[in-house]
Every structure is written in C-alpha cells, then in structure tokens.
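Read through the structure below, which is laid out as structure tokens, and then see the notes.
In this chain, residues are counted from 1 in sequence order. These numbers were taken from a predicted model, which means no experiment stands behind them.
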Amino acid sequence: MKLFTLSILLLGLLFVACSINPKASNQNKGPFAKTIKKHGGDAYDNASIAFDFREGTYTFKNEEGKFRYTVQKEKDGQIIFDVLTNDSFVRKVDGEVQDLSPKDALKYGNSLNSVIYFAQLPYKLDDPAVKKTARGTTTIKGQPYRVVEVSFAEEGGGTDHDDIYYYWINQKTDLIDYLAYNFHVNGSGVRFRSAYNPRRVGEIHFQDYVNYKADKDTPLSDLPALYEKGELKELSKIELEGVRVLP
C-alpha cells in the first residue's frame with residue numbers, strides 16, 4: 001500500500017508542538033528551569049529510551065532537535081508499528097505501510113505523541129509555544145509547592161492548544177509531584193495526577209502517576225484540596241514499565 005504523507009497543514013498542527021529547542025533548559029530562567037534540570041536537563045537532548053506502557057512498547061530518540069517516537073503493539077492478531085518524526089507519521093501493520101486518511105494519521109500521531117510527552121515531562125515546558133504563569137505557593141500533605149499554570153499559544157501549540165495545565169513543584173526537591181489539566185475533546189474533562197515510584201534511568205528521572213477524575217467544571221486550583229479530602233475518583237495508573245536506555 002502507498003505511504004501517506006501528511007500535508008504541511010497537518011504537520012503544522014501536530015509536529016510544531018513536538019519540535020524542541022535543545023538548549024532551552026540552559027537558556028530559559030523561567031519557573032521550570034530548575035525542574036527541567038532536576039528531571040534530566042541536557043540529558044534529554046540526546047536521549048534514547050524504551051519502555052512498556054499498557055499494551056505497547058514505546059521508544060523515543062532525541063538528537064539535538066530531531067526526534068523519532070515509536071510504538072509497537074498487537075491488536076486482533078496483527079502487529080501495529082507507528083513511527084512519528086519531525087516531518088512524518090507512518091503506520092505499518094504486519095510490516096506493510098498503511099494508506100491513512102489525514103484524520104486517522106493525525107489521531108494516531110497525537111496518541112503516540114501524548115504518551116511520549118508525558119513520559120518526558122517536564123522536558124518541553126520551556127518551548128516557545130508554552131505560556132507559563134506563576135500561581136503562588138501552596139501546601140499538599142504538609143509539603144510546600146510552587147504552582148505554575150501552563151497554556152499554549154495557538155501558533156505552534158498543537159491541536160490541543162486550548163488545554164490548561166497546572167504543575168505543583170516541590171520546593172524542597174524541584175520535582176513535579178502533582179499535575180492537572182483540562183481537555184476539550186471527547187466530551188471534555190478534568191484530570192489530576194499524583195506521582196509515585198520515582199527512579200533514575202540513565203541520567204533521566206522517571207515516575208509513575210495515579211490518574212484521578214474530577215467534575216469537568218472543577219477549577220484546577222481546587223484539585224489539591226479535593227485530593228487531600230479523598231474526593232477525587234481514581235481512574236487508572238500511568239505506569240511506565242521496564243524503562244531502559246537504548247544503545
């Protein structure tokens with residue numbers, strides 16, 4: 001089957017949001033500078049990592065601004081292999097390249113990018129399309145946190161540029177212990193994540209998350225208090241298994 005090549009418009013929507021400034025963590029003195037450094041810093045710029053997540057095996061390879069993300073999974077007895085780079089998305093089924101509609105290419109590419117994006121947090125939070133606003137400090141379970149709101153510019157912000165994120169950065173460790181976001185696709189909603197199982201793989205800090213749901217009109221700033229009261233509904237666990245450095 002013929003390889004489907006994404007149009008320039010779709011590339012603008014999907015891949016500009018993925019593009020990186022490999023030295024942003026060194027140049028930017030914003031609210032995430034110390035946090036990016038603590039989570040991995042410059043090690044992200046040339047990282048090559050694999051991990052297992054749910055039913056798939058994922059990899060990401062960064063090379064000074066260029067990236068290659070992959071996922072392989074089995075579905076209905078077939079092996080599906082997706083590859084996302086700076087300028088293309090390709091899906092193979094049992095080794096055969098698929099002829100995808102623009103809608104499907106965008107959907108599958110976004111799905112792959114989303115998993116890798118969260119796995120690499122906070123690496124890309126100093127990208128030019130990221131707008132950061134300090135929201136003061138708070139205390140969660142007796143620990144002090146800096147609160148940072150993140151939104152995205154429409155140009156370069158990807159297909160979900162209107163989503164809002166909150167990050168709670170531990171003032172003692174400079175690590176992200178909690179994050180939350182709202183989204184407007186699939187009926188919209190609000191999510192809150194609590195980090196656990198921190199570990200270092202190579203030079204990069206990885207952690208898993210418990211994923212909670214709140215009423216879709218809940219302000220993100222209210223979520224820590226609801227979390228401490230046990231009023232959030234646990235939906236799932238975001239667990240990266242077998243994280244390993246690739247040659």
With a 4.5 Å heavy-atom cut-off, do [X] and [Y] have their side chains touching?
| X | Y | result |
| --- | --- | --- |
| Tyr58 | Thr70 | no |
| Leu240 | Arg199 | yes |
| Ile140 | Glu228 | yes |
| Val71 | Thr57 | no |
| Leu106 | Asp104 | no |
| Leu100 | Arg91 | yes |
| Thr35 | Lys37 | no |
| Tyr145 | Thr139 | no |

Just checking [X]: does its [atom1] atom have more than 12 heavy atoms from other residues, nucleotides or ligands closer to it than 6.0 angstrom?
| X | atom1 | value |
| --- | --- | --- |
| Glu234 | CD | yes |
| Glu55 | CD | no |
| Lys38 | NZ | yes |

Check whether the side chains of [X] and [Y] place a donor and an acceptor atom closer than 3.5 Å, and report yes or no.
| X | Y | answer |
| --- | --- | --- |
| Asn170 | Asp177 | yes |
| Tyr165 | Asn182 | no |
| Tyr69 | Lys61 | no |
| Gln120 | Asn62 | yes |
| Glu239 | Tyr196 | yes |

Test log, rule side-chain contact (heavy atoms from CB on, under 4.5 Å), inputs Val97 and Val90: CA-CA 7 Å; Val97 175; Val90 175; 4.1 Å; yes

Qualifying residue for side-chain contact (heavy atoms from CB on, under 4.5 Å) with Phe192, from Tyr166, Tyr209, Trp168, Tyr181: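 So the option named by the test is Trp168.
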
Passing option when Ser151 is tested against Asp163, Ile164, Thr133 for side-chain contact (heavy atoms from CB on, under 4.5 Å): Ile164

Where is the tightest heavy-atom contact between [X] and [Y], given as atom of each residue plus distance?
| X | Y | value |
| --- | --- | --- |
| Thr59 | Ala50 | CG2-CB, 3.9 Å |
| Lys73 | Gly56 | CB-CA, 4.0 Å |
| Lys132 | Pro31 | CB-CG, 3.9 Å |

Any pair counted as salt bridge (charged side-chain N to carboxylate O under 4.0 Å, His left out), so long as it reaches residues 110-123, sequence neighbours left out: none

Honestly curious: do [X] and [Y] fall in one hydrophobic cluster under the side-chain, below-4.5 Å linking rule?
| X | Y | answer |
| --- | --- | --- |
| Ile116 | Leu246 | no |
| Val210 | Leu175 | no |
| Leu223 | Leu235 | no |
| Ile80 | Val115 | no |
| Leu226 | Leu220 | yes |

Plane angle bin for His205 and His39 - parallel if under 30°, tilted between 30 and 60°, otherwise perpendicular: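 Rings of His39 and His205: perpendicular, over 60°.
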
Under the salt bridge (Lys or Arg N to Asp or Glu O under 4.0 Å) test, residues paired with Arg200 that sit two or more places apart: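 So Arg200 forms no salt bridge (Lys or Arg N to Asp or Glu O under 4.0 Å) with any residue.
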
Verdict with supporting geometry, Arg68 and Leu84, side-chain contact (heavy atoms from CB on, under 4.5 Å): CA-CA 6 Å; Arg68 184 178 188 268; Leu84 175 65; over 6 Å; no

Under a 3.5 Å distance rule, please check whether [X] uses its side chain to pair with a backbone N or O of [Y] as donor and acceptor.
| X | Y | answer |
| --- | --- | --- |
| Arg193 | Asp208 | no |
| Ser88 | Thr85 | no |
| Asn86 | Phe67 | yes |

Would you give the length of the straight line joining atom [atom1] of [X] to atom [atom2] of [Y], rounded to the nearest 0.5 angstrom?
| X | Y | atom1 | atom2 | result |
| --- | --- | --- | --- | --- |
| Asn110 | Phe89 | CG | CZ | 9.5 Å |
| Leu232 | Thr218 | CG | OG1 | 8.0 Å |
| Arg146 | Arg135 | CZ | CZ | 14.5 Å |
| Ser101 | Lys107 | OG | NZ | 8.0 Å |
| Ile169 | Leu179 | CD1 | CG | 11.0 Å |

Carboxylate-amine/guanidinium proximity below 4.0 Å for Asp215 and Lys233: no

Verdict with supporting geometry, Phe206 and Ile204, side-chain contact (heavy atoms from CB on, under 4.5 Å): CA-CA 6 Å; Phe206 290 91; Ile204 296 177; 3.5 Å; yes

Lys124 vs Tyr44, side-chain contact (heavy atoms from CB on, under 4.5 Å): CA-CA, chis, key distance, verdict: CA-CA 10 Å; Lys124 296 182 179 179; Tyr44 286 109; over 6 Å; no

Ring-ring centroid check Tyr167 Tyr178, cutoff 6.0 Å: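 Distance test on ring centres: not under 6.0 Å, no.
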
ILVMFWY cluster membership beyond Val83 - transitive side-chain contacts under 4.5 angstrom: Phe81

